[in-house]
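Throughout, protein chains are lettered first and strands after them, A, B, ... in sequence-line order, and every chain is numbered starting at 1. When reading the values below, keep in mind they use all heavy atoms of this one structure, side chains included, and skip hydrogens, waters and symmetry mates.
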Amino acid sequence: TQLLEQSPQFLSIQEGENLTVYCNSSSVFSSLQWYRQEPGEGPVLLVTVVTGGEVKKLKRLTFQFGDARKDSSLHITAAQTGDTGLYLCLGVHRQLTFGSGTQLTVLP
Amino acid sequence: NAGVTQTPKFQVLKTGQSMTLQCAQDMNHNSMYWYRQDPGMGLRLIYYSASEGTTDKGEVPNGYNVSRLNKREFSLRLESAAPSQTSVYFCASSEVLATALTGELFFGEGSRLTVL
């Protein structure tokens with residue numbers, strides 16, 4: 001069974017601050033995805049990273065896949081209230097493994 | 001664009017009752033999935049269907065059954081509900097089996113089930 005640990009579990013910050021969310025495993029993944037989920041809705045894909053060391057930027061969000069393809073990070077610059085939500089990583093390799101999620105609250 | 005539609009959105013059951021959660025997708029996707037989401041535990045796969053006519057167990061299949069009725073529809077049945085099955089259930093679909101390198105999962109809005 002592949003495990004994917006996400007940290008922190010909860011994060012509450014002020015608007016304008018920066019933050020990083022981590023997703024770690026002892027297993028190697030073919031690819032890793034990040035999803036965001038808002039209350040009452042299903043998760044929505046933000047990005048897929050495939051290559052070890054890959055960095056992808058989506059406006060103020062920067063995603064990185066570890067060189068060994070065992071870990072990933074999501075960095076948000078100058079957080080906005082609209083970034084509030086549950087962030088989930090999903091490791092892909094023969095099976096799909098979701099992390100436990102990071103609940104982000106951005107306060108005005 | 002409907003995407004993935006789940007019904008019902010809310011349901012309260014008594015222990016031992018049975019019910020079926022319905023899911024339909026209009027994206028002509030081959031693969032469909034049922035997940036449950038519990039606080040602090042992320043999403044756990046119950047069953048999936050790689051293609052029409054096939055179903056396979058996921059991580060937590062006990063107490064559930066599924067039917068891939070056709071390419072569009074994938075239902076989840078609880079034969080004898082237990083309080084431990086209180087959860088939010090999500091149906092998802094993907095063009096190909098999501099274990100393919102970059103397969104994206106499209107989720108429904110969820111069905112909140114409470115078993116008393």
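- Summarising the geometry, atom CG belonging to A:L45 is positioned 11.5 Å from atom OG belonging to B:S94; distances are rounded to the nearest 0.5 Å.
- B:M32 and B:V96 are members of different hydrophobic clusters when ILVMFWY side chains are connected at heavy-atom separations under 4.5 Å.
- Proximity to chain B (any heavy atom under 4.5 Å) is shown, for A:F10, by neither the backbone nor the side chain.
- If you measure heavy-atom distances from A:Q9 to chain B, the contacts under 4.5 Å come from the side chain alone.
- Hydrophobic clustering, with ILVMFWY side chains joined whenever heavy atoms are under 4.5 angstrom apart, keeps A:L90 apart from A:Y22.
- There is a side-chain donor-acceptor pair under 3.5 Å between B:Q37 and A:Q37.
- B:Y47 and B:F90 fall into different hydrophobic clusters, defined by Ile, Leu, Val, Met, Phe, Trp and Tyr side-chain heavy atoms under 4.5 Å apart, directly or through other members.
- Contact annotation for B:L45: neither backbone nor side-chain heavy atoms come within less than 4.5 Å of a heavy atom of chain A.
- Within a 6.0 Å sphere centred on CD of A:Q80, other residues, nucleotides and ligands contribute more than 12 heavy atoms.
- At a threshold of 4.5 Å between side-chain heavy atoms, the hydrophobic network of Ile, Leu, Val, Met, Phe, Trp and Tyr places A:L19 and A:L58 in one connected group.
- Rounding to the nearest 0.5 Å places OH of A:Y35 at 5.5 Å from CD of B:E104.
- Of the two parts of B:Y33, only the side chain, counted from C-beta on, holds a non-hydrogen atom closer than 4.5 Å to a non-hydrogen atom of chain A.
- Within 6.0 Å of atom CD in A:E5, 12 or fewer heavy atoms from other residues, nucleotides or ligands are found, so the atom counts as exposed in its surroundings.
- Remark: of the listed residues B:F106, B:F107, B:Y35, B:F107 is the sole one forming a side chain to side chain contact (heavy atoms under 4.5 Å, CB included) with A:P43.
- Within a 6.0 Å radius of CZ in B:R112, no more than 12 heavy atoms belonging to other residues, nucleotides or ligands are found.
- For the options B:L105, B:V88, B:D38, heavy-atom pairs under 4.5 Å to chain A are most numerous at B:L105.
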